[in-house]
Trainee: 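Please read through the structure below; I'll follow up with questions.
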Amino acid sequence: MIGIGYDVHRLAEGESLVLGGVTIGSPLGSIAHSDGDVVLHALCDALLGAAGLGDIGEHFPDTDPRWKNAPSRMFVEHAIHLLAENGYVLVNIDITLILEAPKIKPYKEAMRAEIASMTGLQIQRVSVKATTNESIGFAGRKEGVAALCACMIKHGDDA
Ligand code: MG
């Protein structure tokens with residue numbers, strides 16, 4: 001089964017920017033109730049979506065003080081736990097990050113390693129890609145950062 005996820009956060013000066021569990025050196029950071037990690041939020045929705053288990057907003061409402069400034073790794077680990085409880089095994093993850101600046105290349109391997117460690121996947125099964133938005137739209141104007149994620153899961157009963 002396939003899952004997709006998408007997330008956006010607004011960017012502002014003086015906020016920290018955490019993507020894929022890695023702190024990025026940037027003058028702009030994401031405004032959020034949690035740590036605002038769009039990569040992990042999109043991943044979480046892809047995982048939940050693949051198993052038909054709802055979405056991140058249902059499991060971790062931003063009105064709940066327990067999740068204030070929460071590391072998004074907790075959301076991903078909970079989603080992985082729910083998959084396991086329902087008999088699913090994660091096969092692979094493919095992420096696209098949409099961000100005008102800074103360049104993500106120096107951080108990609110660290111993000112893959114972080115995501116591999118929180119999902120239990122081999123690093124070869126975690127793909128992290130990035131693109132600019134060609135200076136157009138909210139991402140292009142550096143008003144926000146977005147991430148897309150696809151994942152494949154299989155049920156333990158399937159061959
Ligand atoms: Mg989010």
Side-chain angles (χ1 to χ4, degrees), residues 1-84 86 88 90 92-104 107-108 110-121 126-133 136-153:
M1 283 129 83
I2 293 172
I4 64 164
Y6 172 71
D7 194 36
V8 174
H9 280 278
R10 284 204 271 170
L11 292 171
E13 283 181 22
E15 302 282 340
S16 58
L17 184 61
V18 182
L19 297 170
V22 175
T23 301
I24 309 293
S26 166
L28 299 174
S30 50
I31 302 172
H33 186 67
S34 66
D35 62 8
D37 189 329
V38 289
V39 170
L40 298 190
H41 294 181
L43 168 58
C44 200
D45 260 0
L47 295 170
L48 294 170
L53 291 170
D55 65 32
I56 190 169
E58 293 169 30
H59 291 273
F60 307 102
D62 63 8
T63 49
D64 189 331
R66 276 184 301 167
W67 312 123
K68 183 149 177 65
N69 299 320
S72 296
R73 179 185 186 107
M74 285 173 49
F75 305 156
V76 173
E77 286 172 346
H78 184 69
I80 292 287
H81 173 75
L82 288 176
L83 290 189
N86 285 273
Y88 292 108
L90 182 57
N92 75 304
I93 292 166
D94 188 16
I95 290 159
T96 297
L97 185 55
I98 304 159
L99 179 69
E100 206 64 23
K103 290 283 175 233
I104 290 304
Y107 303 100
K108 272 189 192 169
M111 287 187 206
R112 291 178 76 199
E114 276 294 306
I115 294 164
S117 95
M118 66 187 84
T119 57
L121 278 179
V126 179
S127 161
V128 175
K129 314 181 304 298
T131 180
T132 71
N133 215 45
I136 57 174
F138 70 85
R141 291 189 298 269
K142 302 180 185 175
E143 293 167 5
V145 53
L148 300 159
C149 179
C151 74
M152 179 83 77
I153 64 172

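Small disclaimer: the values here were computed from a predicted structure and weren't measured. Just follow the structure's listing: the first ligand is 1, and inside any ligand the first atom is 1.
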Trainee: Apply the test ring-ring contact (aromatic ring centres under 6.0 Å, His included) to residues H59 and F75: give CA-CA distance (whole Å), side-chain angles for both, the deciding distance (0.1 Å), then the verdict.
Mentor: CA-CA 8 Å; H59 291 273; F75 305 156; over 10 Å; no
Trainee: Pick one: which of V76, I95, L121 meets side-chain contact (heavy atoms from CB on, under 4.5 Å) with I115?
Mentor: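 Among the candidates, only I95 passes.
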Trainee: Which residue is it: I24, L40, V128? I am looking for the one with a side-chain contact (heavy atoms from CB on, under 4.5 Å) to L19.
Mentor: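 Among the candidates, only I24 passes.
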Trainee: Could you check if a side-chain atom of I31 sits within less than 4.5 angstrom of a side-chain atom of H9, using non-hydrogen atoms only?
Mentor: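 No, too far: nothing below the 4.5 Å cut-off.
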Trainee: Going through the checks in order, is the side chain to side chain contact (heavy atoms under 4.5 Å, CB included) test met by K129 and D94?
Mentor: CA-CA 8 Å; K129 314 181 304 298; D94 188 16; 2.6 Å; yes
Trainee: Around the Mg ion (ligand 1), what protein N, O or S atoms are found below 2.8 Å?
Mentor: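 Counting only protein N, O or S atoms under 2.8 Å from the Mg ion (ligand 1), the list reads D7 OD2, H9 NE2, H41 ND1.
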Trainee: Are L17 and L28 close enough, and set up right, to give a side chain to side chain contact (heavy atoms under 4.5 Å, CB included), and what steps lead you there?
Mentor: CA-CA 7 Å; L17 184 61; L28 299 174; over 6 Å; no
